[in-house]
Trainee: 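Got a structure here, written out as structure tokens. Questions coming.
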Amino acid sequence: MHVYRTHDCGALSHADIGKEVKLSGWVHRKRDHGGVVFIDLRDHYGLTQCVVDSTDKAFSAAEQLRNESVITITGAVRARSEETVNKALSTGEIEVQIAELELQSAADTLPLQVNSDEDSGEEVRLRYRYLDLRRQRPHANILLRAKIIQSIRQRMVGLGFTEFQTPILTASSPEGARDFLVPARLHPGKFYALPQAPQQFKQLIMVSGFDKYFQIAPCFRDEDSRADRSPGEFYQLDLEMSFVEQADVFAAVEPVVKGVFEEFADKEVDPDFVHIPFDEAMLKYGSDKPDLRIPLEICDVTDIFRGSDFSIFAKNIEKGAVVRAVPGPKCGSRAIADRMNSWAQGEGAPGMGYIIYGEGEARGPVAKALGADKSDEVKQRLGVGDGDAVFFACAPASEAANLAGKARVRIGTEQGLIDENLFKFCWIVDFPMYELDEKTGKIEFSHNPFSMPQGGMDALNNQDPLTIKAWQYDLVCNGVELSSGAIRNHLPEVMYRAFEIAGYDANVVDEQFAGMISAFKFGAPPHGGIAPGIDRMVMLIADEPNIREVILFPMNGKAEDLMMNAPSEVDEAALRELHIRKQLPKS
RNA sequence: GGGGGUGUAGCUCAGUUGGUUAGAGCGCUGGCCUGUCACGCCAGAGGCCGCGGGUUCGAGUCCCGUCACUCCCGCCA
């Protein structure tokens, strides 16, 4: 007989009745009846009830066991009597009568309860992550993640993509997020950076002639955390394709993402991946990651308020503001309107105007100033009726869109308009190539500087930069940005010109992106790609509100690993070797 | 860097307008119980009420500061 087990804890059934077996696992729960003790023995595979009677020699050892101790038991598989069968367990028809019991590893009093569905505080869970991961839901989440990644690999290979590894120690890039830096021992004063994404490498793989690349790629960005953003590191399904247009990338990615969601999620997946231009998304949904489950569309009503007697708005409009209106079905009460208003103030807006429609008339201070005809015009445009309300955001375009977008989500959530059982995807397309930095007034890249501008060199030379669109796209699901991608700019001349508009001259490009720009001078295929976030996909599929729930060993919000004590001090000798001296902030 | 929330037993939480000895469930220790499966019953241990200061006859409760965790803003090509 094997030293530890003949079967796992989920394996035994009525077919094994009468067999001598050996099981190893954790004491999940113990029920001590004085004359008989039941032990639920748990491992990765399942749970088996083990029994010991007071007459058995293992009895006293069993009585003393604490939860989560690791034991090995030997005994015979017995049928449970009909009334003691447990239908909730796959092994519920049988139990093992313990003949021998060996304690492999005793457990101290636990800092968190493994056999409970109730989560402990995050700090305790992260410090004792190995205990937390024994629990049913965290264990299942990590397993789900593994299966999803496995499925993605299979699907990608099936589509003719090849998996490559790219360097983890690379060069710092001036664009984008803050880098994690690694001192270079052999080069005093110089640093490697961890890749924020394998962006340049994957493009260079295309220039190297490999045609279709993918990788489950670790990405490192030294930015602050959020519920859906883990600090430090995360994973992307990074992919790139040669000789493609935007539609080809969509055609490759859609079935993979859709397929994975359909395979693993309990919710319905809307098969229609709608395409929405960025400008339209900002207008109708006030966001570049709209939650399309909310059946509300924002309308621009600037024209109705222009020159009207509602002077606050009318004056702002003269100064260039716009008015965006959000329909509020069944929101036609003073209490709801007041709540929206104070919510908007909490968001940093001066407030949120509203009109309440009821009993054939429009009510509220806005309606009073605007007059019946114009109030009715708003009603018609928004398609609302009696008992509904309309809320207004008046501000410069991007601010108004933003507030209206948040209001739309709030109304959708509060009024229960969101179908919680649905995944609704969309592609946001035609992102602007450049945007204006509001503080400096300078033109800068709005997304990825390596994206191909729509219209190419001609657009760069002859169009107002702020009107130029890029072949740049996002994949969004239920209001979560899953992915960002682009058709790349593979033409050195167009690249130099694109950077010139953003204020970088040619030698900056030559220095900062030396490898890539030089590669593009030796025959580069037109190419493009995308990089869906793995953690976010798993989070959506697992229906978890927090990304840490789908990461094995996550860091806390301050980017500390409480289990491993990272980051940590290092020896002075190690610093000397790296030519590094600490200069700590004064406290 | 800024704003909100939370912090009470090993864990999850309750704690009234400020009032005597700070409670519950789980866990832990001891006892009883031979068919439970969140077993049941009895008893017990376990508290710097995050920390520091203040108001008060009296503070878990009110005020100020501070720390930790968390959510959000900034940040995230």
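Each chain gets a letter, A, B and so on, in the order the sequences are listed, and its residues count up from 1.
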Trainee: Grab the two heavy atoms, one from A:H139 and one from A:L133, that are nearest each other, plus how far apart they are.
Mentor: ND1-O, 2.7 Å
Trainee: Using only atom types and a distance under 3.5 Å, with no angle test, would you say the side chain of A:R135 pairs donor to acceptor with the backbone of A:N115?
Mentor: no
Trainee: What I want to check is whether an N or O donor and acceptor connect the side chain of A:R80 with the base of B:C37 at under 3.5 Å.
Mentor: yes
Trainee: Does A:Q113 make a side-chain donor-acceptor contact with the base of B:G10, cut-off 3.5 Å?
Mentor: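 Yes, a donor-acceptor pair under 3.5 Å.
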Trainee: Given B:G27, B:C37, B:U34, which nucleotide is nearest the side-chain atoms of A:N86?
Mentor: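 Closest nucleotide to the A:N86 side chain: B:C37.
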Trainee: Between the protein and nucleotides 39-41 of chain B, list every N/O to N/O distance that falls short of 3.5 Å.
Mentor:
| unit_1 | atom_1 | unit_2 | atom_2 | d |
| --- | --- | --- | --- | --- |
| B:C39 | OP2 | A:R31 | NH1 | 3.0 |
| B:C39 | N3 | A:H33 | ND1 | 3.4 |
| B:C39 | N4 | A:D32 | O | 2.3 |

Trainee: Polar atom pairs between nucleotides 68-73 of chain B and protein, under 3.5 Å, N or O only, would you list them?
Mentor:
| unit_1 | atom_1 | unit_2 | atom_2 | d |
| --- | --- | --- | --- | --- |
| B:C69 | OP1 | A:N556 | ND2 | 3.3 |
| B:C69 | OP1 | A:E560 | OE1 | 3.1 |
| B:C69 | OP2 | A:K558 | NZ | 3.0 |
| B:U70 | OP1 | A:G557 | N | 3.3 |
| B:U70 | OP2 | A:G557 | N | 3.3 |
| B:U70 | O3' | A:R548 | NH2 | 3.4 |
| B:C71 | OP1 | A:N546 | ND2 | 2.6 |
| B:C71 | OP1 | A:R548 | NH2 | 2.7 |
| B:C72 | OP2 | A:A227 | N | 2.9 |
| B:C73 | OP2 | A:R226 | NE | 2.8 |

Trainee: Flag the pair A:E544 and A:R137 as a salt bridge only when some basic side-chain nitrogen lies within less than 4.0 angstrom of an acidic carboxylate oxygen.
Mentor: yes
Trainee: Looking only at atom P, what distance separates B:A45 and B:G40, rounded to whole Å?
Mentor: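 Looking at atom P only, B:A45 and B:G40 are 22 Å apart.
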Trainee: Between A:I39 and A:K30, which heavy-atom pair has the shortest distance, and what is it?
Mentor: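 Shortest heavy-atom contact: CG1-CG, 4.0 Å.
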Trainee: Can you tell me which residue among A:R42, A:H28, A:Q113 is in a side chain to side chain donor-acceptor pair (under 3.5 Å) with A:E68?
Mentor: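 Looking at A:R42, A:H28, A:Q113, the match for A:E68 under the side chain to side chain donor-acceptor pair (under 3.5 Å) is A:R42.
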Trainee: Work out how far the P atom of B:G44 is from that of B:C49, and round it to whole angstrom.
Mentor: 24 Å
